[in-house]
Protein chains: 2
Amino acid sequence: MRLSDSIESFIKTLLSQEETEVELKRNELAEYFGCAPSQINYVLATRFTLDDGYVIESRRGGGGYIRIVRVVESGQQRLAYLINERIGSAISEEEAVRLIGQLVQQQVVTLEEGEIMRAAVSSQALAVPVPDAMKDALRARSMKCMLTAIARQNRSAAKG
Amino acid sequence: MRLSDSIESFIKTLLSQEETEVELKRNELAEYFGCAPSQINYVLATRFTLDDGYVIESRRGGGGYIRIVRVVESGQQRLAYLINERIGSAISEEEAVRLIGQLVQQQVVTLEEGEIMRAAVSSQALAVPVPDAMKDALRARSMKCMLTAIARQNRSAAKG
DNA sequence: TCGTTTCTGACTATCTTTGACCAATAACAT
DNA sequence: ATGTTATTGGTCAAAGATAGTCAGAAACGA
């Protein structure tokens with residue numbers, strides 16, 4: 001298993017169930033995993049972004065720390081936020097993939113639905129000769145349309 | 001026996017019995033067969049296509065891998081037909097909606113999934129300043145990508 | 001021979017890990 | 001209070017580790 005994956009699981013285990021936040025010492029964690037401290041930042045930057053549903057806070061100096069907070073909100077709240085604020089008029093594939101992953105995680109949509117959505121906004125789906133900016137705009141529209149359709153379905157939680 | 005054939009059998013042996021997917025390291029496999037790594041890609045491209053009933057996933061970088069997933073034949077054939085023949089390089093919204101309706105009817109996808117797909121290929125989702133012909137091409141690509149994602153979900157093992 | 005299939009290697013793209021240098025904060029000395 | 005030093009965490013670019021692509025060479029079959 002990849003080091004990054006191990007660190008990711010480790011942190012997510014700490015965040016399981018009730019715990020909605022953890023506080024860590026970067027150097028300690030790095031030492032525990034026998035890696036460079038900056039590796040921790042890499043993991044946070046690639047797997048604990050706001051789009052993934054996490055907020056990171058930290059402090060330097062003596063007694064410094066890194067706090068990871070898991071954001072909790074209802075499916076409808078999340079959908080409204082994505083549609084009205086987050087997505088805007090353009091979005092990259094990477095960002096879209098993260099947002100969709102988060103929806104699956106929070107069981108707002110099923111894994112299958114998430115995969116369909118990912119496919120719809122993949123670079124492969126948009127592989128036509130138009131500028132990248134246009135693709136990002138198309139992706140944003142597509143995402144918002146799909147999310148709106150989901151919001152209309154008025155579900156409490158995704159079905160298994 | 002040809003190298004490609006050997007590699008093909010080797011992989012299919014791993015996939016025989018109950019296993020519905022295998023994960024490989026491209027370089028290791030190439031070393032094992034004493035060939036160029038790209039040979040592996042050739043085998044996958046020519047013998048493990050969706051038509052053949054397989055879907056490939058992979059990741060680069062440290063700890064990278066190639067995963068080969070065997071999908072259900074029944075649904076796979078219909079999807080492969082849609083992907084490779086029915087939907088050409090362009091499709092109108094009306095036609096797409098009709099196809100999606102059929103898939104829902106035949107319970108290949110759920111009603112919710114169908115609505116998400118419709119949203120993704122709706123004229124609203126494609127409301128950007130590009131020629132209509134381009135929109136039909138985009139819709140075709142989007143449909144094919146989504147259908148491929150659905151085929152991928154149809155693993156031999158049980159699913160929801 | 002000629003067209004197709006197989007195979008390779010050079011080049012490219014992507015993901016991970018590290019290390020050197022930077023920035024902020026706390027603790028301490030004056 | 002103020003300046004200095006110790007203690008953290010942050011950034012970024014480079015190196016390492018994989019996989020993908022594609023054009024052309026090689027092998028094969030009709």
With side chains defined as the heavy atoms from C-beta onward, is the minimum distance between Ile116(A) and Glu113(A) less than 4.5 Å? no
Spacing of Glu93(A) atom CD relative to dA13(C) atom P, expressed in whole Å: 16 Å
For the CD atom on Gln76(A), are there more than 12 heavy atoms of other groups (residues, nucleotides or ligands in this structure) within a distance under 6.0 Å? yes
In whole Å, what is the span from the OH atom of Tyr65(A) to the C1' atom of dA26(C)? 13 Å
Looking across every strand, which nucleic acid part, if any, lies under 4.0 Å from Ile40(A) by heavy atom: base, sugar-phosphate, or nothing? nothing
Any Asn27(B) side-chain N or O less than 4.0 Å from OP1/OP2 of dA19(D): yes
Return the nearest nucleotide to the side chain of Ile66(A); candidates are dG10(D), dT17(C), dC28(D). dG10(D)
Rounded distance (Å) that lies between atom P of dG16(D) and atom CZ of Arg60(B): 20 Å
Rounded to whole angstroms, how far apart are CD on Glu57(B) and C1' on dT14(C)? 17 Å
For a quick test of reading the model: is some side-chain N or O of Arg59(A) closer than 4.0 Å to OP1 or OP2 of dA26(C)? yes
If only atom types and distance count, is the side chain of Arg139(A) paired as donor or acceptor with the main-chain N or O of Ile91(A) below 3.5 Å? yes
Along DNA chain C (nearest heavy atom to each residue), the more 5'-positioned of Gly34(A) and Gly62(A): Gly34(A)
Take the protein atom CG of Leu24(A) and the nucleotide atom C1' of dG9(D), then report the distance between them rounded to whole Å. 12 Å
Ignoring the backbone of Asn41(B), work out which of dG19(C), dT21(D), dC7(C) is nearest its side chain. dT21(D)
Look up atom OG1 in Thr49(A) and atom CG in Asp52(A), then write down how far apart they are to the nearest 0.5 Å. 3.5 Å
Would you mind reading off the distance between Ile56(A) atom CD1 and dT11(D) atom C1', rounded to a whole angstrom? 16 Å
dT6(C) OP1/OP2 closer than 4.0 Å to side-chain N/O of Tyr42(B): yes
Can you find a side chain N or O atom of Arg67(A) that sits less than 4.0 Å from OP1 or OP2 on dG9(D)? no
Answer with base, sugar-phosphate or nothing: what part of the nucleic acid does Gly61(B) contact at a heavy-atom distance below 4.0 Å? base
Does a nitrogen or oxygen in the side chain of Lys25(B) sit under 4.0 Å from OP1 or OP2 of dA19(D)? no
Using a cut-off of 4.0 Å on non-hydrogen atoms, how would the nucleic acid contact of Ser4(A) be classed: base, sugar-phosphate, or nothing? sugar-phosphate
Taking only side-chain N and O atoms of Ser58(B), does any of them lie within less than 4.0 angstrom of OP1 or OP2 on dT18(D)? no
As a test of reading the structure: which of dT18(C), dC7(C), dG10(D) is closest to the side chain of Gln39(B), going by heavy atoms? dC7(C)
Give the rounded distance in Å between these two atoms: CG of Leu44(A) and C1' of dC12(D). 16 Å
DNA chain C: Ala36(B) or Met1(A), which has the more 5' nearest nucleotide? Ala36(B)
For a quick check of understanding: with a heavy-atom distance under 4.0 Å over all strands, which category does Arg26(A) fall into, base, sugar-phosphate or nothing? base
Under-4.0 Å side-chain N/O to phosphate OP1/OP2 contact, Thr46(B) with dT5(C): no
Gly63(B) or Arg2(B): which one's nearest nucleotide on DNA chain D is closer to the 5' end? Gly63(B)
Which nucleotide in the set dT6(C), dG9(C), dC15(C) lies at the smallest distance from any side-chain heavy atom of Arg47(B)? dT6(C)
For the salt bridge (charged side-chain N to carboxylate O under 4.0 Å, His left out) test, which of Arg86(A), Arg78(A), Arg98(A) pairs with Asp51(A)? Arg86(A)
To the nearest angstrom, how far is Leu29(B) atom CG from dG20(D) atom P? 12 Å
Does the distance from a Lys or Arg side-chain N to an Asp or Glu carboxylate O, for Glu23(A) and Arg59(A), drop under 4.0 Å? no
